[in-house]
Amino acid sequence: DAQAGKRIFLGGLWGPNRDANDVWVLYIDENNQLTFEVNADGSMQGQADNTIVRASASSLFGRWAHVAAIFDGASQSVRLYIDGRPAAGPVTNPAFPVSNLKPLSRPDLTTQFGSCNAIADNENLYRTFRGMIDEIRVWERALTDQEVLCQKDRSLNRSEERRVGK
């Protein structure tokens with residue numbers, strides 16, 4: 001469901017404590033933009049050092065949708081896909097290029113889906129996702145456009161190479 005004026009978290013390893021534990025996050029922002037951010041390693045510049053890609057999220061509400069967020073360390077870029085098709089990117093941040101995901105300052109934190117790692121308890125600004133999420137996949141490498149399209153309707157068989165958490 002759309003939650004006008006709220007940031008709706010879909011998943012990530014982000015927060016608490018600004019920048020210290022920000023690795024990656026996927027959310028729908030206050031303007032209904034699907035947003036994927038990765039944080040540069042150790043620069044602690046707020047959003048200025050993040051690599052951020054955005055695409056309209058207006059088509060995502062009230063139906064099942066396939067969403068893919070890709071971080072490619074080789075090209076230092078991020079991309080978004082909706083229903084297997086490129087929606088935005090690749091986007092880079094030349095001032096703060098990201099070739100590796102940032103290590104956590106608190107290794108006890110876990111990746112969250114449908115929520116975040118306690119960015120804030122302010123329900124006027126930040127919300128957990130209200131809906132259903134199915135078949136989450138995290139890969140150890142950046143998928144190509146063709147691979148994203150092929151994975152969109154494919155069921156897992158638990159033998160996929162380089163998928164995290166087999």
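- Partners of Tyr27 by ring pair (Phe, Tyr, Trp, His ring centres under 6.0 Å), not counting sequence neighbours, listed by chain and number: Phe9.
- With values rounded to the nearest 0.5 angstrom, Ile28 atom CD1 is found 4.0 Å from Phe61 atom CZ.
- Here the OG1 atom belonging to Thr51 is positioned 8.0 Å from the CD atom belonging to Gln76, to the nearest 0.5 angstrom.
- Residues Ala40 and Val98 approach most closely at CA-CG2, 3.6 Å, considering heavy atoms.
- Considering only heavy atoms from C-beta on, Asp29 comes within 4.5 Å of Arg54 through its side chain.
- Interatomic distance, Leu149 CG to Arg154 CZ, rounded to the nearest 0.5 Å: 13.0 Å.
- Every residue meeting the side chain to side chain contact (heavy atoms under 4.5 Å, CB included) condition with Asn50, not counting sequence neighbours, appears here in chain and number order: Trp14, Glu37, Asn39, Gln47, Ile52.
- Each of Arg85, His66, Glu147 was evaluated against Lys152; a single residue qualifies, His66, per the side chain to side chain contact (heavy atoms under 4.5 Å, CB included) test.
- The side-chain heavy atoms of Leu80 and Leu26, taken from C-beta on, include a pair separated by under 4.5 Å.
- Using modelled atom types, no side-chain atom of Ser58 and backbone atom of Ser56 make a donor-acceptor pair closer than 3.5 Å.
- Here the shortest heavy-atom pairing between Asn93 and Ala48 reads ND2-O, 3.0 Å.
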Could you give me the CA-CA distance, side-chain angles and deciding distance for Ile70 and Tyr81, then say whether side chain to side chain contact (heavy atoms under 4.5 Å, CB included) is met? CA-CA 8 Å; Ile70 306 290; Tyr81 297 79; 3.5 Å; yes
Go through the steps for Trp24 and Thr111 under the test side chain to side chain contact (heavy atoms under 4.5 Å, CB included), then give the verdict. CA-CA 9 Å; Trp24 69 271; Thr111 299; 3.6 Å; yes
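- Here the shortest heavy-atom pairing between Phe71 and Asn100 reads CZ-N, 4.0 Å.
- Closest of all the heavy-atom pairs between Ala68 and Val148 is CB-CG1, 3.9 Å.
- Taking CD1 of Ile82 as the start and CG of Leu34 as the end, the distance is 5.5 Å to the nearest 0.5 Å.
- With sequence neighbours excluded, the residues satisfying side chain to side chain contact (heavy atoms under 4.5 Å, CB included) with Thr92 are Ser77, Pro94.
- The shortest side-chain heavy-atom distance between Thr110 and Gln112 falls under the 4.5 Å cut-off.
- Residues Val78 and Pro90 fail the side-chain proximity criterion, which asks for heavy atoms closer than 4.5 Å.
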Between Val38 and Leu101, is a side chain to side chain contact (heavy atoms under 4.5 Å, CB included) present by the stated rule, with each step listed? CA-CA 7 Å; Val38 295; Leu101 291 177; 4.0 Å; yes
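- The minimum heavy-atom distance between Asp83 and Ala65, with the atom names listed, is OD1-CA, 3.5 Å.
- No donor-acceptor distance shorter than 3.5 angstrom exists from the side chain of Asp49 to the backbone of Ala95, with no hydrogens or angles considered.
- You'll find the side chain of Asp72 reaches within 4.5 Å of the side chain of Arg79, heavy atoms only.
- Considering every non-hydrogen atom in both Ala88 and Val53, the closest pair reads CB-CG2, 3.5 Å.
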